[in-house]
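Let me begin by presenting the structure, written as structure tokens, before commenting on it.
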Amino acid sequence: MSSDAATEATPAVDSPEQELPAHGLGASLPPADTRAKTEGTFPYASDLWAEGLLWAAILRSPHPHARIISIDTTAASSMAGVHAVVTHADIPGDGSHGRRIADRPVFASEVVRHHGEAIAAVAADHPDTARLAAAAIIVDYEVLEPVTDPEKAFAAESLHPDGNLIRHIPLRFGDPDITGDVIVEGLYRIGRQDPAPIGAEAGLAVPRPDGGVEIYTASTDPHTDRDLAAACFGLDPDRVKVVVTGVPGATGDREDSSFQLPLGLLALKTGCPVKLAATREESFLGHAHRHPTLLRYRHHADSEGRLVKVEAQILLDAGAYADASSESLAAAVAFACGPYVVPHAFIEGWAVRTNNPPSGHVRGEGALQVCAAYEGQMDKLAAKLSVDPAELRLRNAIATGDLLPTGQTITCPAPVAELLRSVREFPLPALPKDSPEGDWLLPGGPEGAGEPGAVRRGVGYALGMVHMLGAEGADEVSTATVKVHDGVATVICAAVETGQGFSTLARQIVQDTLGIEEVHVASVDTDQPPAGPATHGRHTWVSGGAVERAAKMVRTQLLQPLAHKFGMSTELLQIADGKITSYDGVLSTTVTEAMDGKELWATAQCRPHPTEPLDESGQGDAFVGLAFCAIRAVVDVDIELGSVRVVEMAVAQDVGRVLNPRLLVSRIEAGVTQGVGAALTENLRSTRGVIRHPDLTGYALPTALDAPDIRIVKLVEERDVVAPFGAKAASAVPVVTSPAAVAAAVRAATGRPVSRLPIRPQAAVVNA
């Protein structure tokens with residue numbers, strides 16, 4: 001859907017009546033890389049080249065669970081054009097790595113724990129030669145029975161030296177013996193969503209004269225990648241440099257190191273630049289996916305529908321290694337009751353290892369799974385009480401000052417009821433016409449097998465929430481430098497632009513603070529101070545805050561001499577449109593004249609207030625901030641075939657402050673569309689741990705034809721006072737909320753329970 005269509009319902013975002021600034025905060029400044037991307041000159045890693053380049057290929061296990069008896073690389077090493085073959089034997093120490101828990105080997109050595117796990121890597125002078133050589137490596141496996149059911153992982157033989165249980169969180173809040181007048185129960189299953197990046201993983205590793213290596217790749221957390229690589233290579237961190245290339249979108253998949261580490265090892269061994277460009281199949285096999293989740297719920301309410309107690313069991317399938325499972329579980333448990341007032345909550349959460357594909361950070365991890373479940377419960381409760389589903393949600397909506405089940409007080413703006421009222425009151429879309437011209441609007445389109453008479457329309461509601469920044473004591477800090485010379489400003493910050501708009505925001509901040517229109521953002525590498533990962537809206541808050549502080553320091557350097565000369569304080573001077581003026585009009589000069597050829601610069605850090613880990617009862621102030629969203633979904637369902645068409649998604653979101661109207665619209669649209677994929681089509685299926693159809697034919701992503709009409713009904717700009725600009729994370733919360741809204745709408749159309757995502761056709765069929 002176009003931005004113009006979205007903003008028909010959103011005068012607060014961008015309307016003809018609203019006067020928007022040409023630059024600075026609040027302007028719809030276009031991304032700086034727009035032209036390079038449209039012209040095909042954007043520097044993606046897959047396009048990089050170096051003199052003497054070799055090509056890499058990785059041998060991956062065809063089994064989800066097996067013992068490695070032997071690895072014979074003789075045939076591969078002797079092939080013409082092959083320069084090196086590396087296995088676990090070429091890695092100093094045990095070679096284990098991991099962003100949170102170091103439990104994952106670069107190459108499997110004794111045991112294979114998931115389908116597609118890396119066994120060895122080859123460098124050759126041609127990509128076809130490298131792939132043939134990888135295929136020539138002979139691995140003798142003793143195939144073992146895989147553990148693919150997470151419920152059986154508790155009693156199964158240990159799959160890892162650390163055991164099968166990664167984390168258990170027992171949340172206890174209130175009175176365990178209290179009961180409600182009405183009780184509803186449900187069992188929910190959430191499938192394995194893949195981040196499915198537009199561009200598959202790629203990278204270039206170049207050896208350095210000092211015995212180190214430089215890795216050029218689409219990293220979203222370059223300093224952590226550098227430290228992981230240095231540890232695996234047996235090098236000091238200052239001998240490993242990560243240079244961030246153009247990122248072709250990222251929703252968490254760019255955090256995986258299983259492609260970068262073999263690449264660096266090959267470059268170190270051969271002394272030559274080595275390039276890897278993964279195939280789509282390798283991409284599906286190698287990176288992490290959203291946690292498949294099993295959820296059991298019991299909701300207690302009084303006769304008016306007000307929640308009394310929520311009991312839940314949440315089981316996350318982490319796959320073979322821990323990755324981000326601990327953090328995902330914390331979010332799932334903390335948000336298990338949703339944005340509702342629940343005086344008593346008892347939640348059991350587990351994350352376990354299996355022989356399934358690895359799970360990790362994907363936008364809205366943990367929160368998406370529980371949102372689908374608790375909203376299913378709210379629909380069940382509304383049906384049992386014969387109460388309108390939206391009204392039931394309003395009676396229980398959380399607000400600022402209420403407590404989360406973790407005992408943390410919500411201190412940020414939480415306009416949940418306002419959001420829900422906005423989408424409920426928004427006019428419903430017109431019904432499709434029963435005519436040939438309207439056939440394309442029906443599920444299946446004009447060539448579909450269904451009959452218009454079998455189509456039922458449903459309307460469903462969902463409320464979602466996510467946390468911003470890291471949680472449970474994570475040290476969130478970012479550093480930025482702002483330099484000004486000859487009327488041009490440069491921002492140096494290791495915050496990676498992943499499509500979330502940080503580079504654009506950094507330009508806007510400097511324009512707003514210094515009145516300089518021409519602002520450049522330097523490319524990112526690990527020679528710069530760290531800025532942390534590009535997740536949970538971090539860079540808008542933490543890195544944007546660092547840029548603002550540095551820009552204000554430069555502003556003070558610029559204004560102090562003028563203020564001293566005219567005998568006034570710097571607070572009485574303002575900068576706008578490249579001009580410096582005083583409150584009384586006595587002083588009026590340009591920024592360029594005031595600079596007088598000097599170069600000004602400043603470096604600053606931003607660190608939000610600290611959080612704390614959840615204790616043994618699931619209690620603690622674990623989150624810096626929260627963001628909320630309400631969505632009303634309208635769907636048409638063919639009740640004979642089970643096909644579903646999402647007609648419209650009406651969205652109301654609490655954004656804190658609109659920093660870039662058009663960019664904000666695009667982020668919300670993208671989030672909703674990703675959520676629709678999770679609701680209807682996206683499920684990376686596996687049979688006994690083996691991924692089926694690891695390609696974009698077997699994995700059904702929503703296309704432009706599948707995207708619904710997205711109406712941004714309201715953006716609540718109630719600023720979070722502890723955030724540098726008052727803004728909140730924008731893209732994760734619509735991803736979390738939209739699958740639950742679609743499921744609710746299908747329930748309304750069919751009367752079926754709909755307890756599994758993605759929704760299978762048989763779940764939407766109504767028997768005559």
Side-chain angles (χ1 to χ4, degrees), residues 10-14 18 20-21 23-29 339 398-402 408-419 422 465-471 476-478 480 493 495 500-502 504-514 532 534-552 555 604-611 621 623-630 651-668 671 712 714-734:
T10 319
V13 174
D14 195 357
Q18 186 180 18
L20 294 177
H23 53 75
L25 295 176
S28 286
L29 199 68
I398 209 165
T400 304
D402 288 329
Q408 179 171 347
T409 302
I410 299 175
T411 57
C412 67
V416 178
E418 181 183 356
L419 298 174
S422 298
M465 61 191 296
V466 298
H467 69 90
M468 295 177 289
L469 312 185
E476 296 288 359
V477 62
S478 183
C493 182
Q500 86 280 36
F502 172 75
T504 308
L505 174 62
R507 291 162 57 210
Q508 292 179 270
I509 293 168
V510 174
Q511 289 173 346
D512 212 49
T513 306
L514 296 176
T535 57
H536 303 298
R538 284 189 73 265
H539 289 324
T540 297
W541 184 318
V542 185
S543 297
V547 172
E548 182 190 43
R549 291 180 183 184
K552 285 183 174 179
R555 176 191 174 96
Q605 284 190 334
C606 179
R607 176 180 271 115
H609 65 80
T611 57
D621 290 347
F623 308 111
V624 176
L626 303 169
F628 303 90
C629 179
V651 184
Q653 191 165 319
D654 118 89
V655 297
R657 179 185 176 188
V658 177
L659 302 177
N660 185 314
R662 290 191 183 276
L663 183 59
L664 178 63
V665 167
S666 68
R667 298 295 289 168
I668 294 173
I712 302 177
K714 188 165 191 175
L715 300 176
V716 177
E717 293 191 71
E718 188 177 349
R719 300 187 183 186
D720 189 339
V721 296
V722 300
F725 316 102
K728 294 190 175 187
S731 58
V733 69

Quick one: list whatever passes salt bridge (Lys or Arg N to Asp or Glu O under 4.0 Å) with [X], sequence neighbours left out.
| X | answer |
| --- | --- |
| Glu718 | none |
| Arg607 | Asp475 |
| Asp654 | Lys728 |
| Arg507 | none |

Please tabulate, one pair per line, all N/O donor-acceptor pairs under 3.5 Å involving side-chain atoms of residues 409-417, not counting sequence neighbours.
none

Rounded to the nearest 0.5 Å, how far apart are [atom1] of [X] and [atom2] of [Y]?
| X | Y | atom1 | atom2 | answer |
| --- | --- | --- | --- | --- |
| Met468 | Asp720 | CE | CG | 5.5 Å |
| Thr535 | Gln500 | OG1 | CD | 10.0 Å |
| His609 | Asp621 | NE2 | CG | 8.5 Å |
| Lys714 | Leu419 | NZ | CG | 8.0 Å |
| Phe725 | Gln508 | CZ | CD | 9.5 Å |

Would you mind telling me which of [options] makes a side-chain contact (heavy atoms from CB on, under 4.5 Å) with [X]?
| X | options | result |
| --- | --- | --- |
| Leu659 | Asp512, Ile509, Thr540, Leu29 | Thr540 |
| Phe628 | Ile398, Val655, Val733, Val466 | Ile398 |
| Pro608 | Val477, Val542, Val722 | Val542 |

At their closest point, which heavy atom of [X] faces which heavy atom of [Y], and how far apart are they?
| X | Y | value |
| --- | --- | --- |
| Ala652 | Ser422 | CB-CB, 4.1 Å |
| Gln605 | Arg549 | O-NH1, 3.0 Å |
| Ala546 | Cys606 | N-CB, 3.5 Å |
| Cys629 | Gln653 | SG-OE1, 4.0 Å |

How about Asn660 and Ser28: do any of their side-chain heavy atoms sit closer than 4.5 Å?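 Side chain of Asn660 against side chain of Ser28, heavy atoms only: contact under 4.5 Å found.
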Does the side chain of Leu469 come within less than 4.5 Å of Thr611's, by heavy atoms?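 Side-chain contact under 4.5 Å: no.
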Sub-3.5 Å donor-acceptor pair from the side chain of Glu717 to the main-chain atoms of Val658, do we have one?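 It does hold such a pair.
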Suppose we screen for ring pair (Phe, Tyr, Trp, His ring centres under 6.0 Å). Which residues come up paired with His539, at least two apart in sequence or across chains?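 With neighbours one apart ignored, the set is Phe502.
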